[in-house]
2 protein chains.
Amino acid sequence: MLPKLFHDLPANALKNINFQKSETIFRQYDETCGLYFVISGKVSLKRHSPNGDEIIIHNAGKNETFAEAALFSKEYHCDATAIETTQLVLINKAAVLAQMASNPIFAMNLSAQFARQIQIYRRRLEIQAIQSADERVYAAIGDGMLQGNIIKELAAHIGLSHEATYRSLANLVKRNKLTKFARGKYIIK
Amino acid sequence: MLPKLFHDLPANALKNINFQKSETIFRQYDETCGLYFVISGKVSLKRHSPNGDEIIIHNAGKNETFAEAALFSKEYHCDATAIETTQLVLINKAAVLAQMASNPIFAMNLSAQFARQIQIYRRRLEIQAIQSADERVYAAIGDGMLQGNIIKELAAHIGLSHEATYRSLANLVKRNKLTKFARGKYIIK
DNA sequence: CGGCGTTTTGAGAGAGCTCAACATCGGTGG
DNA sequence: CCACCGATGTTGAGCTCTCTCAAAACGCCG
């Protein structure tokens, strides 16, 4: 779902674009045209180090925005490619900036959206910092990371193999911290 | 260094406050008065789960802001306590919102600041996702995480024991990806 | 010189990864 | 309707890598 705040933008500021697997969305040093929202599919953001190796900056999935910093920068600072068939919304940079200038409510909503993102990422980092697989899985579930998500994806999100994740889930059920109510469905307490 | 953009605020919007170790900065459900910037020391942000356990949301260190979301919320959503002697700047919420409403440049600068944060956190998450200690350390150094920082801090940032970090540094030197030019000083290539 | 903290290296134990096998579910086609 | 297939879920066993505990070298500062 595209965040509501973007509906304050004129209709022509939003453009749906589809990409096939491996297609390029933008390249480093391309002039920025806006930020993106992922309707479906997956996008990989990479940068090339001076040494030539590729550095993964981020993988953006369904319902995420990416390239927010493009709003305030002349050029993209990384490459973006679709790693599967992907539907995106391109949110026009000039329209966003104009709206921010003329509509303080919009500016606040955008900042609030960013602030929320920051919160979420900080929390994720804290979760990653948890050593024990069991506690990490527990924290992630407490954070609502298993909503409609499949467990393999949860595992990837929290940096565990899916096997380790399954084992932790089983442990947590044994330890009476989780309840299993269906194949692959768990709930806290 | 307090980010420059905040100097657009009236002088009375910034208040220096000092806390002793273990002192409370704010509590969950307290009415928000603003966001904070850490001049020195360390702050721990925690929430209490319905089950009673404490959940660490984030640990904010020197030169970080925290509680940005307070700008857009009536109440704080977690507890903040100083975990060492700490100097903070309290950035008044009403002043920030007023400035955003009347000064689009300020609003954009604030959003840009948030967007930068988001970029940084995403990158950190990608680094944490790297399995191999060697590659993780290499990525972190490539990201400039070893600027004046001591290695133990780097280790904590990237979720490795300091011993493992030292060993990876040694490996990377052997593999000719890093150069050691002094005790605890490394540079890429 | 003598502490104190960081850096470095060693050895053992434990946790999670990998490889592998199997179960279960939903969908697809005969 | 049933057999098959692919993807997810689940569990087992061995191996590898990192953590932990320990100790020593080094550098800084009083």
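Chain letters run A, B, ... following the sequence lines, proteins first and then strands; every chain starts at 1. Bear in mind that the values here come from a model prediction, so they are computed numbers and not experimental data.
Between A/Glu163 and A/Asp134, the residue anchored closer to the 5' end of DNA chain C is A/Asp134, taking for each the nucleotide with the nearest heavy atom. Nearer the 5' end of DNA chain D, as judged by each residue's closest nucleotide, is the contact made by A/Ala182, out of A/Ala182 and A/Gln131. The 5' end of DNA chain C is approached more closely, in terms of each residue's nearest nucleotide, by A/Ser132 than by the other of A/Arg183 and A/Ser132.
Separating the NE2 atom of A/His162 from the P atom of D/dT10 is a distance of 11 Å, rounded to the nearest angstrom. Straight-line distance from the OH atom of B/Tyr166 to the C1' atom of C/dT7: 4 Å, rounded to whole Å. Atom CD1 in B/Ile151 sits about 14 Å away from atom C1' in C/dG5, given to the nearest Å.
Across all strands, A/Leu160 comes closer than 4.0 Å only to sugar-phosphate atoms, never to a base (heavy-atom distances).
A salt bridge links A/Arg122 with B/Glu68: at least one charged nitrogen is closer than 4.0 Å to a carboxylate oxygen.
Inter-residue side-chain proximity for B/Tyr186 and B/Thr179 is flagged as unmet; no heavy-atom pair is nearer than 4.5 Å.
Phosphate proximity of D/dT10 to A/Lys180: present, with a side-chain N or O under 4.0 Å from OP1 or OP2. An OP1 or OP2 oxygen of D/dT10 is reached within less than 4.0 angstrom by a side-chain nitrogen or oxygen of A/Tyr186.
No donor-acceptor distance shorter than 3.5 angstrom exists from the side chain of B/Glu135 to the backbone of B/Ser132, with no hydrogens or angles considered.
Classified by interplanar angle (parallel below 30°, tilted 30° to 60°, perpendicular above 60°), the ring pair B/Tyr36/B/Tyr76 is tilted.
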